[in-house]
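Reviewing the structure listed below.
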Amino acid sequence: MKIATWNVNSVKARLETVTAWLKDAAPDVVALQEIKSTDDTFPRGAFEDLGYNCAVHGQKTYNGVAILSKRPLEDITPRLPGGSGDDHARYIEAVVTGDHGVVRIASIYAPNGNPLGTEKFPYKLAWLERLHTRAAEILSYEEPAVLMGDYNVIPTDDDCHDPLVWMNDALFQPQSKAALRRIENLGYQDAFRACDSRPHRYTFWDYQAGSWQKDHGIRIDFQILTPQALDRLKTCIIDKRVRGWDKPSDHVPVVSEIDI
DNA sequence: ATGCCGACAGGATGTCGA
């Protein structure tokens, strides 16, 4: 099963790009983030025409996540437990059945957390703590699961061009890195890192300052796998071609092949 | 550079992203 995650930075502004990529890459399951669309205005028809079922947790203007799947989506849960009063649409979970069993899928859009010194940074850390709690529950199911999306954390110096540039950014704070590590340390593995140890492989390049042309990117989009999913992982790649297409998102897809 | 680009809501330009 080909499983992908992609922060599309508005599904409506990106519809042609996204459908072109779906036709080219033909993933079985895709987790989308930053759809910037409500459930009502999500362009379901365009994806259904390509053979995808849609589970959407949308919001006007900001955030918004979805899961597209060629197989039926079951047990759809459009929320992360906890966080009373948190109305950001940043999490949706569902279960997909493949030829060799089931896989639990989560589409994750973690808060950015900038600027430091505002309430945004503690919100980010609290949100990642809620994700930690849910990740522990999912791990206890002892089943294949892929928790994927835009974590808004740069895990190591090797995941950016120049660490000094990011020193005062929420994505690179020790607390942010620790929050991601704490989730992984439950027993999850970063699928891309399990397949490719080369440094300076990025999933995001800012629209500004010629970041793409200079390859000044960051790696902040991940698929983290339970042991049962990792056992079946065949490949994981970053599809950076897409950043060079017309009207690109600032993020590119991360794509795994998992034997499910 | 508190910039640079791009999407959004709204109908100008401020907010947000990373």
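Numbers restart at 1 for each chain; the letters A, B, ... are given by sequence-line order, proteins then strands.
- Between B:dT13 and B:dA1, the two P atoms lie 27 Å apart (nearest whole Å).
- Of all nucleotides listed (B:dC4, B:dA9, B:dG17), B:dG17 comes nearest to the side chain of A:R90.
- Within the 4.0 angstrom heavy-atom criterion, no nucleotide atom of any strand lies near A:D221.
- Look at A:N9 and you won't find any side-chain N or O under 4.0 angstrom from OP1 or OP2 of B:dC16.
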What verdict does the side-chain contact (heavy atoms from CB on, under 4.5 Å) test give for A:Q59 and A:T38, after you've listed the backbone C-alpha separation in whole Å, the side-chain angles of each residue and the deciding distance to 0.1 Å? CA-CA 5 Å; A:Q59 178 182 340; A:T38 60; over 6 Å; no
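- When distances run from any side-chain atom of A:K247 to the nucleotides B:dC4, B:dA7, B:dA18, the shortest one goes to B:dA7.
- Atom CG of A:D206 is separated from atom C1' of B:dC4 by 9 Å (rounded to the nearest Å).
- Comparing atom distances between the A:A13 side chain and each of B:dA18, B:dA7, B:dC4 picks out B:dA7 as nearest.
- Just one of A:V95, A:V56, A:I105, A:I92 meets the side-chain contact (heavy atoms from CB on, under 4.5 Å) condition when paired with A:I76; it is A:I92.
- A:D150 comes within 4.0 angstrom of sugar-phosphate atoms only, judged by non-hydrogen atoms across all strands, and of no base.
- Under the 4.0 Å criterion applied to side-chain N and carboxylate O atoms, A:R241 and A:D24 are assigned as salt-bridge partners.
- Using a 4.0 Å heavy-atom distance criterion, A:Y109 is classed as a sugar-phosphate-only contact.
- Place A:P111 and A:R14 on DNA chain B by their nearest nucleotides, and A:R14 ends up nearer the 5' end.
- Among the protein residues, A:K124 comes within range of no part of the nucleic acid, since none of its heavy atoms lies under 4.0 Å from any strand.
- The residue A:D169 sits apart from the nucleic acid: no heavy atom pair falls under 4.0 Å.
- When all heavy atoms of A:S256 and A:L233 are compared, the pair lying nearest together is OG-CD1, 3.8 Å.
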Output the pairing pattern of DNA chain B as a dot-bracket string, 5' first, Watson-Crick or G-U wobble with both distances under 3.5 Å, | for cross-strand pairs, [ ] for crossing pairs. ....(((((...))))).
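- Taking the six-membered ring wherever Trp is involved, the centroid distance between the rings of A:W21 and A:W6 falls below 6.0 Å.
- Nucleotides B:dG14 and B:dG3 are separated by 13 Å at their P atoms, to the nearest Å.
- Salt-bridge formation is not detected for the pair A:E16/A:K247: no Lys NZ or Arg NE/NH1/NH2 atom is positioned less than 4.0 Å from an Asp or Glu carboxylate oxygen.
- The distance from atom NZ of A:K214 to atom P of B:dC5 is 12 Å, rounded to the nearest whole Å.
- A gap of 15 Å separates the P atoms of B:dC16 and B:dG10, to the nearest Å.
- A salt bridge links A:D99 with A:R71; the closest basic N to acidic carboxylate O contact falls under 4.0 Å.
- Rounded to a whole angstrom, the distance from the P atom of B:dA12 to that of B:dT2 is 30 Å.
- Side chain A:N152 to base B:dA18: no donor-acceptor pair is found below 3.5 Å.
- Regarding contacts with the backbone of B:dA18, a side-chain N or O of A:H251 is found under 4.0 angstrom from either OP1 or OP2.
- In this structure, the CH2 atom of A:W205 is 17 Å from the C1' atom of B:dG6, given to the nearest Å.
- Residue contacts shown for A:I218 are limited to sugar-phosphate atoms, with no base heavy atom under 4.0 Å away.
- Minimum atom distance to the side chain of A:I220 is reached by B:dA18, of the listed B:dA18, B:dA7, B:dC4.
- Residue A:S10 is the one, among A:S10 and A:K120, whose nearest nucleotide of DNA chain B lies closer to the 5' end (criterion: closest heavy atom).
- Atom-to-atom, CD1 of A:I35 to P of B:dC8 comes out at 12 Å; the value is rounded to the nearest Å.
- For the side-chain contact (heavy atoms from CB on, under 4.5 Å) test with A:E184, the passing option among A:L147, A:D190, A:L225 is A:D190; the others fail.
- Atom CZ in A:F121 sits about 14 Å away from atom P in B:dG17, given to the nearest Å.
- Here the side chains of A:L180 and A:L128 are not in contact, with every heavy-atom distance at 4.5 Å or above.
- Checking B:dC5, B:dC8, B:dA7 against every side-chain atom of A:Y207, the shortest atom distance belongs to B:dC5.
- Spacing between atom CG of A:N168 and atom C1' of B:dT2 amounts to 14 Å, rounded to whole angstrom units.
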